[in-house]
Number of protein chains: 2
Amino acid sequence: MSEHPNIQEAKRPERATADTVAKLAGVSRVAVSRAFNPHASLKKEKRDLILKIAKELGYTPDMAGRALVTRRSHLVGVIVPDVCSPWESQEIDALTTALQGEGFATLLFKTRTDQSMDERLLTYMKGFNLDSIIAFAENVSPDTLTHSLGRAVPIYVSYSEDGSLPNQPGSTSVFDRLIVDQKTGIDQAVALMQAYGCRNFAYLGGTTTSLANTERERAFKCIMKERGLPDPLVLQGDYTYETALASTLDLFKVGEGVDGIFSANDVGAFGVIDALRFQLGLRVPEDVKVVGFDDIAQSGWLSYNLTTVKIDLEDRVRALVRLILRRLKDPNAPAMTETLQTRLIVRGTVGS
Amino acid sequence: MSEHPNIQEAKRPERATADTVAKLAGVSRVAVSRAFNPHASLKKEKRDLILKIAKELGYTPDMAGRALVTRRSHLVGVIVPDVCSPWESQEIDALTTALQGEGFATLLFKTRTDQSMDERLLTYMKGFNLDSIIAFAENVSPDTLTHSLGRAVPIYVSYSEDGSLPNQPGSTSVFDRLIVDQKTGIDQAVALMQAYGCRNFAYLGGTTTSLANTERERAFKCIMKERGLPDPLVLQGDYTYETALASTLDLFKVGEGVDGIFSANDVGAFGVIDALRFQLGLRVPEDVKVVGFDDIAQSGWLSYNLTTVKIDLEDRVRALVRLILRRLKDPNAPAMTETLQTRLIVRGTVGS
DNA sequence: TTGTATGCGTTATCAG
DNA sequence: CTGATAACGCATACAA
């Protein structure tokens, strides 16, 4: 019926805009905006009408337009080296759920594990104007993050109370922290192994550049000393099953007599167990006792049934979300901190 | 030095904008825009100057502003019921990497598995103006997706060639599809089990509402018939380890004599194996042979060493990215399709 | 409570 | 090759 029918543009209809709704409702487009912002004042019946028409038209406020003026993107960036490692995927899962509940969407960024974080990814991320950033990758320093990202205050997960962080040259940048106190859980683990007669301990590490690993190793050695136990052997690792398996084979080729192995993560512990059982003909826990770290879902599976130090995932995610929300409420507040405890989950890989 | 020093605003500096760069470079802001769009024509030395100044100022084009006018958000939505299930986390990992390489960021959305997809999530997603959407969740129909989302053409993963899709009432909406031909792999699995003497088969399903499961079960039964084998017992499942374990216990409480179990996914197969070995005192593969589906990384672990039907993750992700890019190049193109093959990976859970 | 005017940061269009 | 101008969709300040 139109004078100039445009065949090409007929196919994919443009999204309804606030003006469309306003026209149909007989109000101004500001009223439409207000209808979608609960705190704005608008006569109830008018709001209801607008919302009804909006629903019919399938109208939703455009986040890009909104972000431009409110300076809030409702986007939270998550930087991970590996989405597919069980612990991280479980954390991302919980985090996404929690953030979604608060109206934020999770933007996933992957760093290449083998390579130091390049600037390109950071400037790329910056363009999205993230409201917050959580760095699970440990090869990117908070300084770099703070400096190269705009409004977002990064959240850094660290594993010791004394504020040690990578590459900080008298850093003045503000960032929030989640501190995991892993000493309690590790002490419980060592106590249990000791009670079951372990004398020769080995520590299977994660990636050497990893802060979590460095601090875990430090805490483990410290506790060994406190308990009057000899220094543990240290095995090279990288948090993967394959490396853990290989390292364990190496260990028993050379140094014999190890009867207790503490792994920096659960997946590594699985590799240790499989090497012992299927390649070395040793029994777990009778011959060698094994403890892991994380308490991922797979640790409860009967084939492994792993005794492990648990970081409570729900607690951890709640703490992260608290940090994000508080920071958004007051962008200029001083650095904030949350602390998390760990505890031992006793299953079948330490016993007699 | 300024006449009206503003103490409050001094703390968090505003992001540099195109105008800032333009002023310092002595050009118009359009030139700055062009400097960041490779296809735009701009004298080389001028572009270099702008890029250099931009780098010094830490300027990056704002995606929100850009999206507003280009109508491209560079955001790809991924809908998943569980990020933490191994197969999905591995797929998300690969997909994020691939998309990042093409300049897209991955936006993660979680659906509650136990509940049908509610409209709120969809309208919420719509606000982000996604360039594309990949639905790994199967409780949301492509019609709903197409209708309630704006420009984005959804990609649907289906498991049969005949176009069967959930809730399609003569659907006219356009959506692209990735079809997984699982029959080849399943046939190889049954052939192998048959060769090792399996006579009484059981099928452990995934979630009953899952399309993948429905088609997997149909294919399995069809192949059984083709090979002159009796109808398999069907066990209820939901893709989880725990349910698989419980279902297997139930199975051997009642119906004895099952000597071959095919699980709709690998994690389920792990549950089956653990139930057989640790709770029922049966040997795998000597007493019962087990085959899984997916070939997740954990299937190679020695404790399970699972024979399984593999979907090639890299192929799958490449196909998805191809679909996205082609659709963006031509938004009005007719529905597109990619097909994927499956094949058996032989390990230790079928043998003698 | 409501509407008008303005600006957020960018690119498309068009004129030079 | 370059610059001025308008537009994208929205929320805020201000005036009514």
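Within every chain, numbering begins at 1; the chains are lettered A, B, ... in the order of the sequence lines, protein sequences first and strands thereafter.
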Task: Integer-rounded Å distance: dG3(D) C1' and L42(B) CG - done: 12 Å
Open item on the list: Measure CD/E45(B) against P/dC1(D) and give the value in whole Å, please.
Closed with: 12 Å
Task: Length of the line joining F128(A):CZ and dT10(C):P, which is rounded to integer Å - done: 14 Å
Task: Short side-chain N/O contact to dG9(C) OP1/OP2 from R71(A), under 4.0 Å - done: yes
TODO: Counting heavy atoms from C-beta on, name the nucleotide in dT2(C), dA4(D), dG9(C) closest to the side chain of K43(A).
DONE: dT2(C)
Task: Carboxylate-amine/guanidinium proximity below 4.0 Å for D19(A) and K23(A) - done: no
TODO: Could you state the atom-to-atom distance from CG of L57(B) to P of dG9(C) in whole Å?
DONE: 14 Å
Task: Nearest non-hydrogen partners of R322(B) and E338(B), listed with the distance - done: NE-OE2, 2.7 Å
Task: Rounded distance (Å) that lies between atom C1' of dG9(C) and atom NE2 of H74(B) - done: 15 Å
Open item on the list: Counting neighbours of CZ on R29(A) that are heavy atoms of other residues, nucleotides or ligands and sit closer than 6.0 Å, is the number greater than 12?
Closed with: no
- [ ] Determine the interplanar angle of the F109(A) and F128(A) rings, folded into 0 to 90°, and report it as parallel if under 30°, tilted if 30 to 60°, perpendicular if over 60°.
- [x] tilted
Check nucleotides 10-14 of chain D against the protein and report each pair of N or O atoms closer than 3.5 Å, with its distance, or say if there are none.
from    : atom 1 : to     : atom 2 : distance (Å)
dC10(D) : OP1    : Y59(A) : OH     : 2.8
dC10(D) : OP1    : D62(A) : N      : 2.9
dC10(D) : OP2    : T17(A) : OG1    : 3.0
dC10(D) : OP2    : A18(A) : N      : 2.8
dA11(D) : OP1    : N37(A) : OD1    : 3.4
dA11(D) : OP1    : R66(A) : NE     : 2.6
dA11(D) : OP1    : R66(A) : NH2    : 2.8
dA11(D) : OP2    : S33(A) : OG     : 2.5
dA11(D) : O5'    : S33(A) : OG     : 3.4

Task: dT2(C) OP1/OP2 closer than 4.0 Å to side-chain N/O of K46(A) - done: yes
Open item on the list: Whole angstroms only, please: what is the NZ-P distance between K23(A) and dG3(C)?
Closed with: 14 Å
Task: Charged N-O contact under 4.0 Å between K44(A) and D48(A) - done: yes
Task: ring pair (Phe, Tyr, Trp, His ring centres under 6.0 Å) contacts touching residues 52-81 of chain B (sequence neighbours left out) - done: F36(B)-Y59(B), H74(B)-F104(B)
